[in-house]
Each structure stands twice: as C-alpha cells, then as structure tokens.
Amino acid sequence: AQSVAQPEDQVNVAEGNPLTVKCTYSVSGNPYLFWYVQYPNRGLQFLLKYITGDNLVKGSYGFEAEFNKSQTSFHLKKPSALVSDSALYFCAVSPLGSGNTGKLIFGQGTTLQVKP
Amino acid sequence: KAGVTQTPRYLIKTRGQQVTLSCSPISGHRSVSWYQQTPGQGLQFLFEYFSETQRNKGNFPGRFSGRQFSNSRSEMNVSTLELGDSALYLCASSLEALAGQPNTGELFFGEGSRLTVL
C-alpha cells in the first residue's frame, strides 16, 4: 500500500534556528512528492514539490526539501525559522506519479511551533 | 486571478439531513478534487472530477457523491448525515498538463466548508 508518514506530531523550534519536518514515503515507482502548509481555518497552500532532477528542491517562503531515494524520505527544511512559520505542515505523494493530479496521499501532518 | 472558492464556509446540520457543498475552481482549471479533513483521520481523498467525469474515487460510502458541471464548477453531496461526517471539506483544483508535458500535480485549495453535524 502506498503511504506517507510524518513521524512527529509537533516540532518546536526557536526563532532563528534551523527547522526540519520529517517525511517518509512508501510508493511504487518514481514518486511525485509535495509539501503543503495550512494556517488555522484556512485551506492548504503549496510549498514545494519534487518531480525529478536535483534532490534539493527550493520552494516558497525560504523552505526547501531534500529527496533521499535510498531512505525514502523527503524532509522539509528551513535555515532560519520565523514565528510566522508556525502552522500545520503536510507531506503528500501522488500515488501514480505522472498524469494523476487530483489524488494525493497525505501524511497526518506536523504542527510546527516557532517560539520567539 | 481568483482562487478556489468554496461555499458555504460554515454550516450546521442535524443527523439524517443532507448537504450540498459547492466549489468554483480557478479559471482554466478543469480538474477538481475533494478532501475530507478531520482531527482523527487527517486528510482523506474523496473524489476527483475532470471534464464532468469522475476520474478517481476514495474509500467513502455511497452517501458521498459529487458532480462537475460544464464550467468546471463542482458540487459534492452527503446524504443521511452522521455525526462522524463533521469535518472540514476541502476542494482543490489543478491545471492539466499540456500534451506531451509532464504533469506536476500541484493542487490549489479553497478555504474549505466546515460542516458540523448535530
């Protein structure tokens, strides 16, 4: 079965420190991987994606993610956290790779808390 | 360009009633998908419509249905509501790839319709 795991329910970090939100996946074939962010009472916003190419992908708001095929991971990172980064973060995978836009499998989400 | 619009934003129903939620995608987007978000189950895929046809369906009972109109607007319906149907229902639209181009699968989400079933 294809799945995404976010092993941490919550990540706490001090403002200015680097942050990492972890994600591992289990899919057949080459994965399309995504990170989305959700602010309270809002929909999800796209942050970044890995389709192919460089293992380090850069996205919105200074976030980046590293694809590691051998570890089947796609961790979200940011060199210096901001209080405004506090939100719920979702990792997702497109189960069929190319050609299937609407169906994503999401992880359970990780709450990021950045303290001043 | 206007984003994905969902109506209503909030609604309260009682068990046994039915509800219809509406979603207007970003102009030019022909794929519309629906997700249910609950604290316990997280984000679960309901179904996806493309060019008025259901292309994918998640693992939900038949009480959950949807449709898409020729202008790409979509509605989902839940009949015989149960307490467990209380959730945030999110709609997302996406742009299909041009012929010969890879499909990158980015979804654009609306702010959701929060359904409370009493």
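Note that the structure is a prediction, hence the values are computed from the model and not measured.
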Which bit of B:Leu88 is near chain A, if near means a heavy-atom gap under 4.5 Å: side chain, backbone, both or neither?
side chain
Turns out that what part of B:Gln41 lies under 4.5 Å from chain A's heavy atoms comes down to backbone
By a 4.5 Å heavy-atom criterion (distance strictly below it), what part of A:Gln45 contacts chain B: side chain, backbone, both, or neither?
neither
We want to know whether B:Ser113 and B:Arg9 form a side-chain donor-acceptor pair, criterion being a heavy-atom distance below 3.5 angstrom.
no
With distance as the sole criterion, is a donor-acceptor pair present between the side chains of A:Asn12 and A:Gln10 under 3.5 Å?
yes
Considering residues at least two apart in sequence or located in another chain, which fulfil the salt bridge (charged side-chain N to carboxylate O under 4.0 Å, His left out) criterion with B:Arg15?
none
Can you tell which part of B:Leu90 gets under 4.5 Å to a heavy atom of chain A, answering side chain, backbone, both or neither?
side chain
Please output the residues of residues 105-115 of chain A in contact with chain B, using a heavy-atom cutoff of under 4.5 Å, in numerical order.
A:Phe106, A:Gln108
Does the ring of B:Phe47 carry B:Lys57 above it, NZ/CZ under 6.0 angstrom from centre and within 45° of its axis?
no
Over 60° means perpendicular and under 30° means parallel, so classify the ring planes of B:His29 and B:Phe108, tilted if in between.
tilted
Side chains of A:Tyr25 and A:Leu33 in contact at under 4.5 Å (non-hydrogen atoms):
yes
Looking only at side chains, do A:Asn68 and A:Ser73 share a donor and an acceptor under 3.5 Å apart?
no
Flag the pair A:Val4 / A:Phe74 as yes when at least one side-chain heavy-atom distance between them is below 4.5 Å, and no otherwise.
no
